Amino acid sequence: MDGYPLLCFYLAISSKAVYTTAMNSNGYSTWLEIDLDQIKTNVKELIRISGAEVMAIVKANGYGHGASEIAVASVEAGATWCGVARLEEAIALRRAGIHSHILVLGYTSPDRTAEAVNNNICLTIYDQQIGESYAEQAEKFGGGLRLHIKVDTGMGRLGIPPETALEFITKLTQMPQLNIEGIFTHFARADEPLAPTTAQQLILFNTLIEQLKKNGIAPRYIHSANSAALLNYPQSRYDLVRPGIALYGYQPSPETSLPSSIQPALSWKTRLTSVRTFPAGHGISYGHIYHTQKAEKIGSIAIGYADGFRRAPGNIALVHGKRVPVVGRVCMDQCMLQLDEIPDAEIGDEVVLLGKQGDEIISAEEIGNRWGTFNYEVICGLSARLPRIYSNNP
Ligand SMILES: Cc1ncc(COP(=O)(O)O)c(C=O)c1O
């Protein structure tokens with residue numbers, strides 16, 4: 001046999017294999033692939049850059065990546081704390097065997113004080129009345145409730161205002177059932193390096209810390225930096241930083257760049273579940289907002305808005321390393337692709353919605369722009385029903 005056709009045959013087979021291997025590696029119709037080694041690299045880089053302890057922010061199911069798996073990887077990489085929004089998330093981490101410190105950053109009802117104490121979970125305190133209820137409840141369970149005080153230096157969300165903070169904190173420290181081990185604040189605009197408010201927030205926070213010191217109050221942990229502050233404001237790092245988005249490898253904002261060693265760890269994949277040629281004038285999907293112009297090759301994929309893929313115009317997917325448009329309305333569990341540019345597309349071929357295929361990449365930032373939102377919302381919106389496959393299963 002002449003060598004050239006044979007070579008072409010092998011090339012066709014091997015290039016096809018690139019797009020079908022994932023299909024052979026699992027039986028899912030859609031799934032997330034998460035590289036825990038990359039998460040560990042990101043955590044180590046953040047420790048190196050900040051020179052501080054790291055609290056891995058794993059709320060919202062680890063920004064869609066899977067909270068317990070990200071927590072385990074982060075702790076293995078050197079994070080000493082995990083941060084979550086709600087007590088349920090903290091308890092789930094304990095049940096998954098996470099032994100690091102855990103801080104609940106949001107509100108916790110005093111009714112749940114016993115759960116916090118029994119699971120050795122730190123709560124956030126920012127209100128006098130809630131503090132008294134915590135103390136009352138903690139008394140019943142032998143005390144020992146660990147707390148971090150949140151100060152609102154300008155975020156306009158949770159926190160004690162700096163004007164009343166000294167009096168509030170002094171009272172808290174007189175309640176022996178409470179263990180005040182940290183104080184923190186949160187920035188509203190640290191992702192905008194030119195905004196003056198972060199420096200102003202830092203002045204208010206530092207002034208309070210000095211006042212507390214003069215009054216003999218020096219909590220063990222002082223912290224303020226989310227990813228953007230960690231990168232943009234070295235003076236915000238203190239002895240503990242709280243990165244979320246950077247830990248997952250994404251930029252906090254277009255103006256806040258990451259070192260090249262910090263990279264996304266997540267890809268979202270699916271596969272062609274149907275490939276058909278429709279005649280001209282055929283309606284596609286609910287409402288028939290798309291009609292074929294001529295005979296068109298249309299593929300179905302097994303993802304929809306219930307997976308976190310929005311019904312928005314201009315959606316794109318990667319098939320055989322090429323960008324193809326989503327056509328017609330996105331359904332709950334499925335949507336359709338225009339495949340005229342991919343003549344050899346077949347049922348079972350891998351499709352990438354977020355991540356890399358061949359030389360093409362669809363980033364969370366690109367999807368966020370398309371959906372009129374930002375990268376955070378894209379990844380946090382990845383539905384719980386999506387199977388998550390970890391490259392380094394902890
Ligand atoms: C109090 C607090 N700290 C830290 C973070 C992490 O922020 P980022 O993901 O921007 O790093 C968040 C996230 O919303 C937060 O609410």
Side-chain angles (χ1 to χ4, degrees), residues 39 42-43 45-47 49-50 52-65 67 70-71 74 79-87 89-90 100-108 121-126 147-160 182-193 195 197-198 201-202 205 221-234 236-259 262-266 364-365 368 373-382:
I39 295 286
N42 296 348
V43 171
E45 274 296 272
L46 293 168
I47 294 171
I49 293 166
S50 67
E53 285 187 49
V54 162
M55 178 185 294
I57 302 299
V58 297
K59 59 190 175 139
N61 197 23
Y63 287 44
H65 292 59
I70 297 298
S74 300
T80 48
W81 284 80
C82 292
V84 292
R86 301 185 185 148
L87 184 62
E89 295 179 302
S100 71
H101 301 295
I102 302 178
L103 176 63
V104 177
L105 296 158
Y107 166 78
T108 305
I121 289 164
C122 289
L123 302 184
T124 289
I125 176 75
Y126 51 86
L147 293 174
H148 285 214
I149 298 157
K150 183 156 194 190
V151 185
D152 185 0
T153 54
M155 175 69 183
R157 201 172 65 174
L158 292 189
I160 186 89
I183 184 163
F184 72 108
T185 195
H186 191 52
F187 299 114
R189 301 179 67 185
D191 57 334
E192 299 169 68
T197 57
T198 308
Q201 286 192 252
L202 273 167
F205 192 50
Y221 289 100
I222 299 172
H223 49 110
S224 70
N226 58 3
S227 302
L230 186 168
L231 294 160
N232 293 332
Y233 295 89
S236 74
R237 294 171 188 159
Y238 302 99
D239 42 19
L240 178 62
V241 292
R242 306 190 308 266
I245 199 79
L247 189 153
Y248 302 97
Y250 299 100
Q251 280 177 259
S253 66
E255 303 85 45
T256 307
S257 50
L258 292 168
I262 295 186
Q263 290 291 331
L266 179 142
E365 288 76 13
T373 181
F374 65 156
N375 50 9
Y376 288 68
E377 204 177 338
V378 173
I379 55 173
C380 290
L382 293 168

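Indexing begins at 1, ligand by ligand and atom by atom, following the structure's order. Keep in mind that what you see is a predicted model, and the values were worked out from it rather than measured.
- Of the protein's heavy atoms, Y63 OH, 2.5 Å lies nearest to atom 9 (O) of ligand 1.
- Using modelled atom types, one side-chain atom of N61 and one backbone atom of A67 make a donor-acceptor pair closer than 3.5 Å.
- Note: an N/O pair closer than 3.5 Å links R242 and ligand 1 by distance alone.
- Among residues two or more places apart in sequence or in another chain, the side chain to side chain donor-acceptor pair (under 3.5 Å) test is passed with T373 by E377.
- Residues passing the side chain to side chain donor-acceptor pair (under 3.5 Å) test with Y238 are N206, sequence neighbours excluded.
- Considering CD1 of I57 and CH2 of W81, their distance stands at 10.5 Å, rounded to 0.5 Å.
- Atoms CE and CD1, from M55 and I102 in turn, are 10.0 Å apart once rounded to the nearest 0.5 Å.
- Closest heavy-atom approach to atom 1 (C) of ligand 1 within the set M55, H186, H223, K59: this belongs to H186.
- Among all non-hydrogen protein atoms, the one lying nearest atom 7 (O) of ligand 1 is N226 CB, 3.5 Å.
- Summary of contacts: the protein heavy atom closest to atom 10 (O) of ligand 1 is Y376 OH, 2.6 Å.
- Looking at L266, N375, N42, I39 one by one, the single match for side-chain contact (heavy atoms from CB on, under 4.5 Å) with Y248 turns out to be I39.
- Checking K150, Q201, R242 one by one against H186, the side chain to side chain donor-acceptor pair (under 3.5 Å) holds for a single residue, R242.
- Of all atoms in ligand 1, numbered sequentially from 1 with element shown, those under 4.0 Å from a heavy atom of R157 are 16 (O).
- Nearest protein heavy-atom contact of atom 11 (O) of ligand 1 is S227 OG, 2.5 Å.
- The N/O atoms of A246, backbone and side chain alike, include none that comes under 3.5 Å of an N/O atom in ligand 1.
- Not one N or O of I57 is nearer than 3.5 Å to an N or O of ligand 1, by distance alone.
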